[in-house]
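Accompanying notes for the structure given below.
Numbering starts at 1 and runs along the sequence shown. Small disclaimer: the values here were computed from a predicted structure and weren't measured.
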Amino acid sequence: EDKLFYGVETTDSDLPAVESNEMVVPGASSEERVPSPALPVSLQQLTPGKTKYAIRSLSSGRYLDGRNPGMSDPLLSDGSRDPFTDTFLQWIITPLASNPILHSIRSVSSKQLLDGRNPGLSTVLLSDGNRDPETDVVLQWEMVKLTEITYAIRSKSSGQYLDGRNPDLYTPILSSGDRDPRTDTYLQFLIFPL
């Protein structure tokens, strides 16, 4: 059974298109629709009982890869790999006890935490898994819901979004928090429970 996407066999062309996230203002014509605000949510409220997820970029079709222990740079790995059996593609996403809208993102394979860095830095890091995300702001992330299963991932410390890049690039980066994730596919990720 192919489980690459909610138990449905998929190819990159089958990835859901992100539709316009619009809010209808009562009495407004279709020309007067306005974009809905993209708000952070608690991922566990949307998928109760789940903690392990795969994170797949809509722009590149690649999965976020947590690498081996001791490696400090996550990768974007081939979208044909199976996140249900490949621990490099598995992430533990945990809401913080102090603020369930914020999450830590820990690699299953390396046990390290995704690090959102400081403002102005664009390199995504994997940081020591012994650091405490409750008190270490660079390890805190917002999951900004865009569609039912599509999210933008924003660093609390830098205010920047995780960027899934082009299909021919293998390293994720942090991109300006001024970009609009509702219309920018580089900032859109499928996050689904495993």
Side-chain angles (χ1 to χ4, degrees), residues 37-58 62-77 83 86-146 149-165 170-182 184 186-194:
L39 301 173
V41 296
S42 173
L43 199 55
Q44 276 61 38
Q45 288 178 344
L46 302 175
T47 55
K50 296 293 184 177
T51 58
K52 192 184 301 182
Y53 297 85
I55 302 171
R56 188 174 189 183
S57 166
L58 278 185
R62 295 179 174 279
Y63 288 103
L64 190 61
D65 184 327
R67 312 284 307 268
N68 287 312
M71 308 286 285
S72 63
D73 53 335
L75 293 177
L76 292 168
S77 289
D86 189 335
T87 59
F88 289 91
L89 309 181
Q90 298 174 359
W91 297 85
I92 304 295
I93 301 177
T94 308
L96 301 185
S98 59
N99 183 350
I101 296 299
L102 297 175
H103 299 76
S104 64
I105 304 174
R106 181 184 303 272
S107 165
V108 170
S109 61
S110 72
K111 311 288 188 268
Q112 297 184 95
L113 291 155
L114 200 61
D115 185 325
R117 314 288 306 271
N118 291 316
L121 299 174
S122 63
T123 305
V124 182
L125 292 179
L126 291 170
S127 289
D128 182 357
N130 293 319
R131 291 168 60 183
D132 183 3
E134 288 286 341
T135 58
D136 195 337
V137 71
V138 299
L139 305 177
Q140 298 174 2
W141 297 86
E142 294 174 338
M143 303 297 154
V144 181
K145 186 174 181 183
L146 304 172
I149 56 170
T150 309
Y151 298 84
I153 303 170
R154 183 174 45 216
S155 165
K156 177 69 173 166
S157 60
S158 69
Q160 298 180 98
Y161 290 101
L162 189 63
D163 185 323
R165 318 275 315 263
Y170 300 91
T171 54
I173 60 172
L174 293 168
S175 288
S176 171
D178 295 334
R179 291 168 60 181
D180 187 348
R182 295 169 297 174
D184 190 336
Y186 291 96
L187 309 181
Q188 297 170 358
F189 289 85
L190 298 173
I191 300 178
F192 54 95
L194 301 173

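In terms of modelled atom types and a separation under 3.5 Å, the side chain of S158 and the main chain of G116 share a donor-acceptor contact. A donor-acceptor pair is defined here as one N or O able to donate and one able to accept, closer than 3.5 Å; such a pair exists between the side chain of R106 and the backbone of K111. Side chain of R67 to backbone of D73: a donor-acceptor contact under 3.5 angstrom is found. Distance alone, capped at 3.5 Å, places no donor-acceptor pair between the Q112 side chain and the L125 backbone. Within the 3.5 Å criterion, the main-chain N or O of P119 finds no donor-acceptor partner in the side chain of Q160. Counting only distance, with no hydrogens or angles, the side chain of R62 and the backbone of G164 share no donor-acceptor pair below 3.5 Å.
Residue D163 comes nearest to F189 through the heavy atom pair C-CZ, 4.0 Å, listed as atom of the first residue, atom of the second, then distance. Taking each heavy atom of L102 and E142 in turn, the nearest pair found is CD2-CG, 3.6 Å. Considering all non-hydrogen atoms of both residues, Y186 and R179 come closest at CB-NH2, 3.6 Å. For the residue pair V137 and S157, the shortest heavy atom distance occurs at O-CB, 3.6 Å. W91 approaches F88 most closely through the heavy-atom pair NE1-O, 4.4 Å.
Side-chain atoms of L139 and S127, non-hydrogen and from C-beta on, do get closer than 4.5 Å to each other. Under the 4.5 Å side-chain criterion, counting only non-hydrogen atoms from C-beta, Y63 is not in contact with L75. Counting heavy atoms from C-beta on, the side chains of L162 and L64 come closer than 4.5 Å. Counting only heavy atoms from C-beta outward, the side chains of N99 and Q140 never approach each other to under 4.5 Å. By the 4.5 Å heavy-atom criterion applied to side chains, P181 and Y161 are counted as neighbours.
Residue L146 holds its CG atom at 9.0 Å from OH of Y151, rounded to the nearest 0.5 Å. How far CG of L89 is from CG of L76: 10.5 Å, rounded to the nearest 0.5 Å. The OG1 atom of T87 sits 11.0 Å away from atom CG of L194, with the distance rounded to the nearest 0.5 Å. Here the CD1-NE2 distance, from I92 to H103, works out to 13.0 Å after rounding to the nearest 0.5 Å.
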**OP:** Could you go through the side-chain contact (heavy atoms from CB on, under 4.5 Å) check for M143 and I105 one step at a time?
**Re:** CA-CA 10 Å; M143 303 297 154; I105 304 174; 3.4 Å; yes
**OP:** Test side-chain contact (heavy atoms from CB on, under 4.5 Å) on W141 and S104 and set out the steps.
**Re:** CA-CA 6 Å; W141 297 86; S104 64; over 6 Å; no
**OP:** Carefully, step by step, assess T123 and L174 under the rule side-chain contact (heavy atoms from CB on, under 4.5 Å).
**Re:** CA-CA 6 Å; T123 305; L174 293 168; over 6 Å; no
Original post:
Going through the distances and angles, do R131 and D115 end up as a side-chain contact (heavy atoms from CB on, under 4.5 Å)?
Top reply: CA-CA 11 Å; R131 291 168 60 183; D115 185 325; 3.7 Å; yes
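Looking only at atom types and distance, the side chain of Q188 has no donor-acceptor partner in the side chain of T150 under 3.5 Å away.
Screening I191, L114, T51 for a side-chain contact (heavy atoms from CB on, under 4.5 Å) with I93, the sole residue that qualifies is I191.
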